[in-house]
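Keep in mind it's a predicted model, so treat the numbers as computed, not measured.
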There are 2 protein chains.
Amino acid sequence: MQASFTEENYLKAIYHLSEEGRQQVNTNRIAMVLNTKPASVTDMLKKLSEKNLLNYTRYQGVSLTDPGRNIALKVIRKHRLWEFFLVEKLNFGWDEVHDLAEQLEHIQSVELINRLDSFLGFPEYDPHGDPIPKDNGTIKCYDLKPISALHVGETGTIAGVREHSPLFLQYLEKMNLVIGKKISMEEVIAYDETVVITTENNQKINISKAAAKNILITI
Amino acid sequence: MQASFTEENYLKAIYHLSEEGRQQVNTNRIAMVLNTKPASVTDMLKKLSEKNLLNYTRYQGVSLTDPGRNIALKVIRKHRLWEFFLVEKLNFGWDEVHDLAEQLEHIQSVELINRLDSFLGFPEYDPHGDPIPKDNGTIKCYDLKPISALHVGETGTIAGVREHSPLFLQYLEKMNLVIGKKISMEEVIAYDETVVITTENNQKINISKAAAKNILITI
DNA sequence: TTGTTGTTTTAGATGTGTCTAAATTTTTAA
DNA sequence: TTAAAAATTTAGACACATCTAAAACAACAA
Ligand SMILES: [Mn+2]
Ligand SMILES: [Mn+2]
Ligand SMILES: [Mn+2]
Ligand SMILES: [Mn+2]
């Protein structure tokens, strides 16, 4: 039961969408993230439903079946392992690897990806802090909070991001707000909800409300 | 001027075919190596000719243009660098890597392949002894001879193979006839042209006529 | 030179994934 | 409850790469 390049992308997108909001995933949203048109999505949903990779009833949205979810997780595993490889071995920046991984994630070979995993030392997280699914289909469900959820005086460690655009990642890099950094909440400016945080070396940094929502921490 | 997955495969196949026989490359031969039908080949030749990637006149066969040859060399560069990676870093056998490289060679990114090249230490040859084209499009034209061209008593070093099937490569591996081995020609059995060679540690090995033609050496 | 053979090309069709425009269904708001 | 708005699906078309069957052409031998 091999899924095509395009089918894999649909399954992955639907998986990601059902992670964020827990309701049914709707057609327009899928079209948006896949950069395509709703009519095309409907066609594909019918096909994937036919193949039993998702549950689909007209006008009702979709959810993945177990086989569908499994394929999605395999693709995500490949995506994140390749991203790790690109950053750790080829010295790419964390803002440069996503598009490349979008291509590499479709290379078909279980043996290859398991050897890559081993070569990389079985990493648990990708360069953006996202957990890497295991070969058996398990994935750590991590619950991180955005910085904006911290109360004044509380402390946390940066562990992930909610947005993966190069612009955002470059900005974080420049501010040295990278995975593993300890920060604490200083105050929230009443005027525009700008967040002020302090780093380990007592540096104060101002972060916009939008940015603070997209930086994830553990406590 | 981006070539599609399929177009790249055609250009690569035509490049390889024009390397062996130096005449024009003909339709049926292309269909054979690409595992497709002559009618399909004609369609594609018209398209590639339209794009100025090859010279095509009906019934006359084809030859690559400079842009076409260039794309072919880029694909071959990627193929051979990935093969090197798979063998040297992920410990695949030289008989296991070709099909994987057939997929990886289509990943689009100049930056990726140049970083991979650097990561691997700028290798000159792939695991089968084939020269790896440089980023600037140059490729070592090597002239190796088959073992069968040695005269009795002459010595050579194994430097390549003319056939890449897993079965053949596994056979060579088992016989320890790998790249770099020094061998000398002992005799040719008159009856069926079986070739007898001796290795450095004075071991005698019998090789069929067919195999002797497909093992390449430098003198 | 002419007929035969093998190669190559055309004609017409298929499968996949996509699109626009129009029709249908659901949701929302009056 | 009903009308308008938004979401979704159908209808019909297209691009790409492929196929089979039939026609056109080239090479060769009689
Ligand atoms: Mn990514
Ligand atoms: Mn990532
Ligand atoms: Mn190969
Ligand atoms: Mn090779």
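For the pair B:Thr36 and D:dC19, the criterion of a side-chain N or O lying under 4.0 Å from OP1 or OP2 is met. Taking side-chain N and O atoms only, A:Asn28 has a distance below 4.0 Å to OP1 or OP2 of D:dT8. Between C:dT9 and B:Lys46, no contact under 4.0 Å exists linking OP1 or OP2 to a side-chain N or O.
Contacts between residues 48-56 of chain A and DNA chain D, defined by a heavy-atom separation under 4.0 Å, are made by A:Tyr56. Shown for residues 7-16 of chain B: residues whose heavy atoms fall under 4.0 angstrom of DNA chain D, namely B:Tyr10.
Residue B:Thr42 is classed as a base contact, given a heavy-atom separation below 4.0 Å to a base. At the heavy-atom level, B:Asn26 lies under 4.0 Å from the strands shown only through sugar-phosphate atoms. Among the protein residues, B:Thr6 comes within range of the sugar-phosphate backbone only, with heavy atoms under 4.0 Å from sugar or phosphate atoms but none that close to a base.
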Between protein and nucleic acid, restricted to nucleotides 20-26 of chain D and to nitrogen or oxygen atoms under 3.5 Å apart, what atom pairs and distances do you find?
from	atom 1	to	atom 2	distance (Å)
D:dC25	O4'	B:Tyr59	OH	3.4

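Using bins of under 30°, 30° to 60° and over 60° for the plane-to-plane angle, the ring pair A:His164/A:His98 lands in the tilted bin.
For B:Phe5 and D:dC16, the CZ to C1' distance is 14 Å, given to the nearest whole Å. Rounded to whole Å, atom P of D:dT8 lies 11 Å from atom CD of A:Gln24. Rounding to whole angstrom units, CZ of residue B:Arg29 and P of C:dT7 are separated by 12 Å. Across the protein-nucleic acid pair, B:Ile30 atom CD1 and C:dT8 atom C1' stand 12 Å apart, rounded to whole Å. Rounded to a whole Å, the CG atom of B:Leu45 is 7 Å from the P atom of C:dT9. Remark: P of D:dC16 and CG of B:Asp43 are 12 Å apart, rounded to the nearest angstrom.
A:His79 and A:Asp126 form no side-chain donor-acceptor contact under 3.5 Å, judged by distance and modelled atom types alone.
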Steps toward side-chain contact (heavy atoms from CB on, under 4.5 Å) verdict (A:Ile215, A:Phe168): CA-CA 10 Å; A:Ile215 305 174; A:Phe168 181 58; 3.9 Å; yes
Test side-chain contact (heavy atoms from CB on, under 4.5 Å) applied to B:Lys134 and B:Ile139, step by step: CA-CA 6 Å; B:Lys134 294 294 168 198; B:Ile139 182 171; over 6 Å; no
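Put simply, the side chain of B:Val75 does not reach to within 4.5 Å of the side chain of B:Leu11, judged on heavy atoms. Taking the side chain as every heavy atom from C-beta outward, B:Gln108 and B:Lys78 approach each other to under 4.5 Å.
Note that OG of A:Ser109 is 4.5 Å distant from CG of B:Leu100, once rounded to the nearest 0.5 Å. Going from atom CE of B:Met175 over to atom CD1 of B:Ile197 covers 10.0 Å, rounded to the nearest 0.5 Å. Atom CD1 in B:Ile113 sits 10.5 Å away from atom CD in B:Glu105 (nearest 0.5 Å). To the nearest 0.5 Å, atom CG of residue B:Asn214 and atom CZ of residue B:Arg162 are 7.0 Å apart.
Figure legend: cation-pi geometry between A:Arg115 and B:Phe92, with NZ or CZ positioned under 6.0 Å from the six-membered ring centre and within 45° of its axis. A cation-pi arrangement is not found for A:Lys89 relative to B:Phe85, the charged atom failing to lie both closer than 6.0 Å to the ring centre and inside a 45° cone about the ring normal.
Listed candidates were D:dT10, D:dT9, C:dT10. Nearest to the side chain of A:Thr27 is D:dT9.
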